[in-house]
Enquirer: 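Mind having a look at this structure? Questions to follow.
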Amino acid sequence: MRTTNKYESFVSNVTKWGIDHLGVFPWRFCEDSYKILITEILLVRTSRDKVNAIWQDFFARFPTISALAKSTPSEISSIIHPLGLQRIRASQILELAIRLVEELDGIVPLNIDALARLKGVGQYVASATICFLTGEKTLVIDSNINRVIDRFFSGEDHDNYKSSMTILERILPLDNLDVRMFYFSLIDLGYEYCRRVPDCEKCVLRTSCSYNIHRH
DNA sequence: ATCCAGTCAC
DNA sequence: GTGACTGGAT
């Protein structure tokens, strides 16, 4: 028999919580690379609820990359305007779609570097798109994931993603890791409890989290 | 009033 | 590396 280490128990607690509490969004476990990519771009600095509110309309109007590529900035802008950043993102998304159609046969490249080379797609969106589409164990770190991991393992917030990266590199190779369930659960834990001002009393990780244990 | 967030342009 | 984009949280 072997003992479970701190990474395994973290994964297990996070994922177990997620089974019953994961938010249900149409872009989770979506099998369309185009929809995942565009959605991740729309989610940058934008609340999930706002994206959710326009999601069906957006993809009903633009069901494919080529449909999107034939649109105009103002039409895209009018659909995404409740999200903010609409003018910037409308032209960004349109240019992205046109470029995908013209240079890549309308096919979203499925490796991080090729994705991140596209304008409007940074490291985070590229990595998240690959992982959430294929289940590949890529590093997906946004401020929420970073905050949960920093607090749980070190008890304090750091201004860069370095320590989270190191810890995730230990976690990702674990057997039996459902990486999508794990990341979605982590994101939702961050959203529900591990805000800038946390609600540790309600958090399922409170008895093992360094941040909660050491602040008393 | 100030801070914060992914990304791009600088 | 810094500022800007825009809206939300504090």
Side-chain angles (χ1 to χ4, degrees), chain A residues 23 25 27-28 30 33-55 57-58 65 68 72-100 103-104 108-133 136 138-151 154 156-165 168 180 183-184 186-203 211-212 215:
Chain A
F25 299 101
W27 55 85
R28 287 187 171 176
C30 173
S33 58
Y34 153 67
K35 291 180 182 175
I36 294 184
L37 174 60
I38 298 297
T39 303
E40 289 302 329
I41 292 172
L42 296 180
L43 281 167
V44 171
R45 305 168 63 207
T46 308
S47 77
R48 48 173 70 186
D49 295 332
K50 285 193 165 178
V51 174
N52 205 17
I54 62 109
W55 200 89
D57 282 348
F58 185 95
I65 293 180
L68 181 58
T72 62
S74 60
E75 187 188 14
I76 298 170
S77 181
S78 73
I79 296 177
I80 68 172
H81 82 268
L83 311 188
L85 302 165
Q86 63 271 24
R87 279 166 50 184
I88 291 171
R89 283 193 290 197
S91 53
Q92 215 170 52
I93 287 170
L94 177 58
E95 283 172 29
L96 176 60
I98 291 172
R99 191 166 162 202
L100 284 172
E103 295 178 19
L104 297 164
V108 176
L110 290 188
N111 73 76
I112 294 178
D113 291 339
L115 264 179
R117 258 179 251 127
L118 300 166
K119 193 174 161 192
V121 182
Q123 190 61 37
Y124 173 82
V125 168
S127 186
T129 298
I130 300 292
C131 177
F132 299 159
L133 179 74
E136 188 181 322
T138 65
L139 278 177
V140 177
I141 308 178
D142 67 359
S143 61
N144 293 296
I145 290 176
N146 181 59
R147 195 184 312 114
V148 176
I149 291 179
D150 263 352
R151 287 177 177 172
S154 82
E156 51 192 38
D157 294 319
H158 302 294
D159 55 355
N160 60 50
Y161 291 176
K162 244 186 108 188
S163 53
S164 299
M165 230 178 268
L168 272 178
R180 282 178 281 206
Y183 277 139
F184 293 154
L186 217 43
I187 290 166
D188 286 0
L189 267 177
Y191 180 84
E192 297 284 342
Y193 309 118
C194 208
R195 304 285 186 99
R196 268 203 292 165
V197 178
D199 194 357
C200 297
E201 303 312 312
K202 294 182 185 157
C203 179
Y211 188 89
N212 184 48
R215 65 193 180 127

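Letters go in sequence order (proteins before strands), and every chain restarts at 1. Keep in mind it's a predicted model, so treat the numbers as computed, not measured.
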Enquirer: OP1 or OP2 of B/dG6 versus the side-chain N and O atoms of A/Y161: is any pair under 4.0 Å?
Expert: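 For B/dG6, OP1 or OP2 has a side-chain N or O of A/Y161 closer than 4.0 Å.
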Enquirer: Give the rounded distance in Å between these two atoms: OH of A/Y191 and C1' of B/dA5.
Expert: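 Between C1' of B/dA5 and OH of A/Y191: 15 Å.
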Enquirer: Whole angstrom is fine here: how far is it from CG in A/N160 over to P in C/dG1?
Expert: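 A/N160 atom CG is separated from C/dG1 atom P by 11 Å.
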Enquirer: Atom CD1 of A/I141 and atom P of B/dG6: how far apart are they, to the nearest Å?
Expert: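 Distance check: A/I141 CD1 to B/dG6 P gives 11 Å.
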Enquirer: So which one's nearest nucleotide on DNA chain B is more toward 5', A/A116 or A/R196?
Expert: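 Looking at the nearest nucleotide for each, A/R196 comes out on the 5' side.
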Enquirer: Donor-acceptor check, side chain of A/R180 to backbone of A/L133, threshold 3.5 angstrom: yes or no?
Expert: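 Answer holds: yes.
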Enquirer: Could you tell me if the side chain of A/Y183 sits less than 4.5 Å from the side chain of A/L168, heavy atoms only?
Expert: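 A side-chain contact under 4.5 Å exists here.
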Enquirer: Which of the following nucleotides, B/dT7, C/dG8, B/dG6, is nearest to the side chain of A/Q123?
Expert: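 That would be B/dT7.
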Enquirer: Look only at the side chain of A/S164 and the backbone of A/I149, and say whether a donor-acceptor pair between them is shorter than 3.5 Å.
Expert: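 No; zero donor-acceptor contacts below 3.5 Å.
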Enquirer: Is any side-chain nitrogen or oxygen of A/S143 closer than 4.0 Å to OP1 or OP2 of B/dG6?
Expert: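 Yes, A/S143 has a side-chain N/O under 4.0 Å of OP1/OP2 on B/dG6.
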Enquirer: Near DNA chain C, which residues from residues 80-99 of chain A have a heavy atom under 4.0 Å away?
Expert: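 Those residues whose heavy atoms fall under 4.0 Å from DNA chain C, taken from residues 80-99 of chain A in numerical order, are A/G84, A/L85, A/I88.
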Enquirer: Going by the angle between their ring planes, with limits at 30° and 60°, are A/F184 and A/F132 parallel, tilted or perpendicular?
Expert: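 Judged by the thresholds at 30° and 60°, the geometry between A/F184 and A/F132 is tilted.
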Enquirer: Tell me the interatomic distance from A/R195, atom CZ, to C/dA9, atom C1', rounded to whole angstroms.
Expert: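 Taking atom C1' of C/dA9 as the reference, CZ of A/R195 is at 9 Å.
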Enquirer: Contact between A/L42 and A/W27 at the side-chain level, heavy atoms closer than 4.5 Å - yes or no?
Expert: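 No, every pair of side-chain atoms sits at 4.5 Å or beyond.
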Enquirer: NZ of A/K119 versus C1' of B/dG6: gap in Å, rounded?
Expert: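 About 15 Å, once rounded to whole Å.
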Enquirer: Taking OH from A/Y124 and C1' from B/dC4, how many angstroms apart are they, rounded to a whole number?
Expert: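 Rounded to whole Å, this separation is 16 Å.
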Enquirer: Within a 6.0 Å radius of atom NE2 on A/H158, are there more than 12 heavy atoms belonging to other residues, nucleotides or ligands?
Expert: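 Above 12, so yes.
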Enquirer: Which residues in residues 34-47 of chain A have at least one heavy atom lying under 4.0 Å from any atom of DNA chain B?
Expert: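 When residues 34-47 of chain A is checked for heavy atoms under 4.0 Å from DNA chain B, the hits, listed by number, are A/V44, A/R45.
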Enquirer: So is A/R48 actually on top of A/Y191's ring, under 6.0 Å and inside 45° of the axis?
Expert: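 Yes, a cation-pi geometry holds between A/R48 and A/Y191.
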Enquirer: Tell me: CG of A/D142 to P of B/dC4, nearest whole Å?
Expert: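 Going from CG in A/D142 over to P in B/dC4 covers 16 Å.
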Enquirer: Can you tell me which residue among A/I130, A/N111, A/L110 is in a side chain to side chain contact (heavy atoms under 4.5 Å, CB included) with A/E136?
Expert: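 Testing each of A/I130, A/N111, A/L110 against A/E136, the sole residue satisfying side chain to side chain contact (heavy atoms under 4.5 Å, CB included) is A/I130.
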Enquirer: Side chain of A/T39, backbone of A/K35: donor and acceptor closer than 3.5 Å?
Expert: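 Yes, because the side chain of A/T39 sits within donor-acceptor range (under 3.5 Å) of the backbone of A/K35.
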Enquirer: For the pair made of NZ in A/K50 and P in B/dA5, what is the distance, rounded to whole Å?
Expert: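 Going from A/K50 (NZ) to B/dA5 (P), I get 18 Å.
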